[in-house]
There are 2 protein chains.
Amino acid sequence: MMTEVETRTASEQTRARLLDAAREVFSQHNFQGATVREICRRAEANVAAVNYHFGSKEGLLAEALNFSQLAALLTANVKADACPKIRLRLFLRDFMLMLLDEKNASSQCRIMARELADPTPALDKIVLEAIAPLHEFLGKLVREIVGDQIGETELRRCVYSIFGQCQFYRHSHPVLQRLHPKLRYDRKEIEAIAEHIAEFSLAGIEHLDKTQ
Amino acid sequence: MMTEVETRTASEQTRARLLDAAREVFSQHNFQGATVREICRRAEANVAAVNYHFGSKEGLLAEALNFSQLAALLTANVKADACPKIRLRLFLRDFMLMLLDEKNASSQCRIMARELADPTPALDKIVLEAIAPLHEFLGKLVREIVGDQIGETELRRCVYSIFGQCQFYRHSHPVLQRLHPKLRYDRKEIEAIAEHIAEFSLAGIEHLDKTQ
DNA sequence: TTTACTTTCAAACAGCCGTTTGATACGCTC
DNA sequence: GAGCGTATCAAACGGCTGTTTGAAAGTAAA
């Protein structure tokens, strides 16, 4: 019925507002630092709303995590009709935009990056749904570039080298701003960073390919 | 006098125990997660001891930070009589051992790595005394390798690429243990990681040197 | 209108936090 | 031993946390 739909959407509207506010706050503070009261304040909801709708603060974080945009990025890249090296460049560009662009609606990756250093019970879900697919994707891509000459261990370390470079710019943002106050992560800067990481990493990958 | 020395050392013994416990706890939890009560429990001191000796929890963290080992590493490397490439390998080996080896007494770098992602008022001191010298050191080292062909911006990004790889193994430790449970940071593994980062990075550096 | 159910709300709860307090014990000078 | 700073201690303080409660409001079916 009309009324039934209305009440359901009314309830789901506050649910959605809570999820939006949660993503915002969880991406700016770590799990301990993000308070239920601030999330509810931003969502214009009562403090009890979180526990009513999601059971707990942890439950809210778990439901706030949504990696559909990341998954879409990966599948689109796999389907792209381009050579592995160009696909690596494309991936790095899209991934860094997702990681660094403040304008980007996807705060998921920022929450993810934060969870890496400071595990919460939600980390298991993050590893399973986001990080493991990411590593698998990048592992296959690097394998396409280097062929079968290098071992699994060395391949994995190449993947780590790439992700390490990517995450550095997010993790160390507060430090970099102190060292170079004029630094801004606008679109042009992000694309330049992604280009650097691609050049740097392709050279590293192909070098290891030669020596082994 | 004898007695004067004894009382001073008695007081400084609890100071030292507090500092040791603080380094331990601050390297395992972030600033919010590390509690004064646990630090005092490990130091076998009263909860009031922190505020009595250091004024506040923040003051304790500030005094607990001591980068002499890191500074020694840098100066020793600068004085080493070796070509820049080998000095880079040496630095990476020593730095990764400092970062990853649980046996290593220096928890400073682990606190530092933690602070990167989660700034506290102590970050200013960390940047000034540890990170800025580190970046400056590595910048000069990379400059020695590439010559004057590449610009300051690109040079800085090479430094970021190297530090990013290093910090990845510390930041993502919880994740890597979930992805590969058999991973252990023993001395052999750490040295292999450092060797990989050196190979990977030298190729990246020299490639950028050629293309620019 | 009555009934039943879902959602919101102010208020309170229990627990931890960093910090302060005032008393107590200690070490040393005189 | 008296006097005096210093260091330690149990206890409490004020504040913030996530969560719970019970009443009130809102909605839809009878």
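In what follows, chains are A, B, ... by sequence order, proteins preceding strands, each numbered from 1. The basis for the numbers below is simple: all heavy atoms, side chains too, and nothing from hydrogens, waters or symmetry mates.
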query = Does the ring-ring contact (aromatic ring centres under 6.0 Å, His included) test come out yes or no for B/Y185 and B/H173, once each step is laid out?
reply = CA-CA 10 Å; B/Y185 284 157; B/H173 191 199; 4.6 Å; yes

ask   = For the base of D/dA7, is there a side-chain donor-acceptor partner from B/N46 under 3.5 Å away?
value = no

ask   = Between D/dG18 atom C1' and A/Y52 atom OH, what is the distance in whole Å?
value = 19 Å

key: Candidate nucleotides C/dA11, C/dT7, D/dC9, ranked by approach to the side chain of A/S11 - the nearest   = C/dT7

message = Between B/R156 and B/E152, does any side-chain N to carboxylate O distance fall below 4.0 Å?
response = no

task = Can you label the angle between the B/F163 ring and the B/F91 ring as parallel, tilted or perpendicular, going by 30° and 60°?
result = perpendicular

message = Treating A/S172 as the side-chain partner and A/Y169 as the backbone partner, does any N or O pair qualify as donor plus acceptor under 3.5 Å?
response = no

ask   = Roughly how many Å is it from NE2 in A/H53 to P in D/dG18, rounded to a whole number?
value = 17 Å

ask   = Going by an N to O cut-off under 4.0 Å, is there a salt bridge joining B/E12 and B/R15?
value = no

message = Under a 4.0 Å threshold between the charged nitrogen and the carboxylate oxygen, would B/E136 count as salt-bridged to B/R143?
response = no

message = Looking at every heavy atom in both B/P84 and B/I145, which two are closest together, and how far apart are they?
response = CB-CG1, 3.6 Å

NZ/NE/NH1/NH2 to OD/OE distance under 4.0 Å, B/R89 and B/E195 = yes

message = Rounded to whole Å, please give me the gap between CD1 in B/I39 and P in C/dT19.
response = 11 Å

query = Salt bridge between B/D20 and B/R23, side-chain N to carboxylate O under 4.0 Å?
reply = yes

For nucleotides 16-18 of chain C, which of its nitrogen or oxygen atoms have a protein nitrogen or oxygen under 3.5 Å away, and what is each distance?
residue : atom : partner : partner atom : Å
C/dG18  : OP1  : B/A34   : O            : 3.3
C/dG18  : OP1  : B/V36   : N            : 3.2
C/dG18  : OP1  : B/K57   : NZ           : 2.8
C/dG18  : OP2  : B/V36   : N            : 3.0
C/dG18  : N7   : B/R37   : NH1          : 2.6
C/dG18  : O6   : B/R37   : NH2          : 2.9

inquiry  = If you take any heavy atom closer than 4.0 Å to DNA chain C, which residues from residues 119-126 of chain B end up in contact?
reply    = none

request  = Find the distance A/R41:CZ to D/dG18:P and express it as a whole number of Å.
outcome  = 13 Å

note = Separation of C/dT6 atom C1' from A/R15 atom CZ, nearest Å, is 14 Å

inquiry  = Rounded to whole Å, please give me the gap between CZ in B/F54 and C1' in C/dT20.
reply    = 18 Å

